[in-house]
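Here is the structure we will look at, set down as structure tokens.
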Amino acid sequence: MRGGCRLLPLLLLALLRGLCHGREPAPGAVTCGSVLKLLNTRHSVRLHSHEVKYGSGSGQQSVTGVEASDDANSYWRIRGKSDGSCQRGTPVKCGQAIRLTHVNTGKNLHTHHFPSPLSNNQEVSAFGDDGEGDDLDIWIVQCSGTYWEREDAVRFKHVGTEVFLSITGEQYGHPIRGQREVHGMPTANHHNYWKAMEGVFIKPSVDPAKHDEL
């Protein structure tokens, strides 16, 4: 009995260490400033954009899903809701507001109350110049833990219109034949899960300000 009493403080200490460790960002956390591709887990296509505008709706730059894993137009940079709100190297928390900026064109992932051209859901476009758009570029990362982990499937919920970034499989014809429609859906379902894939992931740091800019 006395031996058990001696062990009790040690067990409590070990438990407390475990709880504290659980709050620390894991090495696999997705971080601010990282450049990555996003895979829709249901339809196995990557979030993509290019200098092709919609022929209807807003007429803004189109956003699609592509099967190719090596397409350079599928890279997106993770940024904060506003400048300085997502310091480079800081792990992205579940529930955090972010912007996704298309690397090659400098436009932000965006949605608004226009119908999408194929499914008549909500149109998703790329909008702005040099990473600056408007309040309709803001998305909430929905995940189950504390941080957005690379191996986890997450959802992106739009702040302004409350739709989820989704793909349901509709395919475009000319000039982007075979690419899938990306749109916003009002309900959370298996069409709106995304996973971080290829990219440059900035290592989490105690002092992210020490990192150089890309």
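Side chains included, hydrogens not; waters and symmetry mates left out as well; all remaining heavy atoms used.
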Any donor-acceptor N/O pair, R99 side chain to D137 backbone, under 3.5 Å: no

side-chain contact (heavy atoms from CB on, under 4.5 Å) between H112 and S125, worked out: CA-CA 9 Å; H112 39 212; S125 65; 3.6 Å; yes

Nearest heavy atoms of L118 and E181, plus distance in Å: N-OE2, 2.6 Å

ILVMFWY cluster membership beyond L39 - transitive side-chain contacts under 4.5 angstrom: M197

Exercise: identify the closest heavy-atom pair between V66 and S74: CG2-OG, 3.6 Å

Considering all heavy atoms, the nearest S58-F114 contact: N-CD2, 3.6 Å

Joint hydrophobic cluster, W194 plus I98, side-chain heavy atoms closer than 4.5 Å: yes

S49 side-chain N/O to A126 backbone N/O, donor-acceptor pair under 3.5 Å: no

E151 atom CD, over 12 foreign heavy atoms within 6.0 Å: yes

Side-chain donor-acceptor pair present, N108, T101, cut-off under 3.5 Å: yes

Residues in side-chain contact (heavy atoms from CB on, under 4.5 Å) contact with Q171, at least two apart in sequence or another chain: R180

All pairs passing disulfide bond (SG atoms under 2.5 Å apart) where residues 40-87 contributes a residue, at least two apart: C32-C86

side-chain contact (heavy atoms from CB on, under 4.5 Å) between L36 and V30, intermediate numbers included: CA-CA 9 Å; L36 50 74; V30 175; 3.8 Å; yes

Pairs where residues 161-193 contributes a residue and the test ring pair (Phe, Tyr, Trp, His ring centres under 6.0 Å) is met, not counting sequence neighbours: H43-H191

Check: E51/T105 side-chain N/O donor and acceptor closer than 3.5 Å: no

Point-to-point distance, once rounded to the nearest 0.5 Å, from OG of S34 to CD1 of I202: 5.0 Å

Donor-acceptor contact present, side-chain E149 to main-chain A29, <3.5 Å: yes

Residues which pass side-chain hydrogen bond (donor to acceptor under 3.5 Å, both in side chains) with D152, listed by chain and number, not counting sequence neighbours: none

Intermediate values then yes/no, salt bridge (charged side-chain N to carboxylate O under 4.0 Å, His left out), R46 and E198: CA-CA 10 Å; R46 286 162 175 78; E198 306 83 4; 2.8 Å; yes

Disulfide bond (SG atoms under 2.5 Å apart) pairs, two or more places apart, involving residues 101-156: C94-C143

Check against side-chain contact (heavy atoms from CB on, under 4.5 Å), H158 and L136: CA-CA 8 Å; H158 191 245; L136 294 177; 3.6 Å; yes

Closest heavy-atom pair and its distance - S82, S85: O-OG, 2.6 Å

Between CZ on residue R42 and CD1 on residue I167, distance to nearest 0.5 Å: 12.0 Å

E132 atom CD, neighbour heavy-atom count above 12 within 6.0 Å: yes

Co-membership, hydrophobic cluster, residues F156 and M185, 4.5 Å side-chain: no

Pairwise ring pair (Phe, Tyr, Trp, His ring centres under 6.0 Å) hits with a residue in residues 52-74, at least two apart: none

Co-membership, hydrophobic cluster, residues W139 and V154, 4.5 Å side-chain: yes

H110 vs D134 side-chain heavy atoms within contact, under 4.5 Å: yes

With S44 via side-chain contact (heavy atoms from CB on, under 4.5 Å) - residues at least two apart: none

Residues K107, D129; criterion salt bridge (charged side-chain N to carboxylate O under 4.0 Å, His left out); working and verdict: CA-CA 6 Å; K107 296 183 182 298; D129 294 297; 3.6 Å; yes

Contact list for residues 161-193, test disulfide bond (SG atoms under 2.5 Å apart), sequence neighbours left out: none

Residue list, side-chain contact (heavy atoms from CB on, under 4.5 Å) with S56, at least two apart or on another chain: P117

Under 4.5 Å side-chain linkage, directly or through intermediates, the cluster mates of V159: I138, I140

Within-4.5 Å side-chain heavy-atom neighbours: L165 and N192: no

T111 and Q122: side chain donor to acceptor below 3.5 Å: yes

Audit row: S62, H50, side-chain hydrogen bond (donor to acceptor under 3.5 Å, both in side chains) steps and yes/no: CA-CA 7 Å; S62 59; H50 40 221; 2.8 Å; yes

Residue pairs passing the ring pair (Phe, Tyr, Trp, His ring centres under 6.0 Å) test where at least one lies in residues 65-97, sequence neighbours excluded: W76-H102

Non-hydrogen side-chain atoms of K37 and H48 separated by less than 4.5 Å: no

Steps toward side-chain contact (heavy atoms from CB on, under 4.5 Å) verdict (V124, V163): CA-CA 10 Å; V124 170; V163 297; over 6 Å; no

Under 3.5 Å: donor-acceptor pair, side chain of R150, backbone of K195: no

Heavy-atom side-chain proximity of T31 to T90 below 4.5 angstrom: no

Minimum heavy-atom distance A153-T41, with the two atoms named: CB-CG2, 4.3 Å

Joint cluster assignment, W148 & L109, ILVMFWY side-chain distance < 4.5 Å: yes

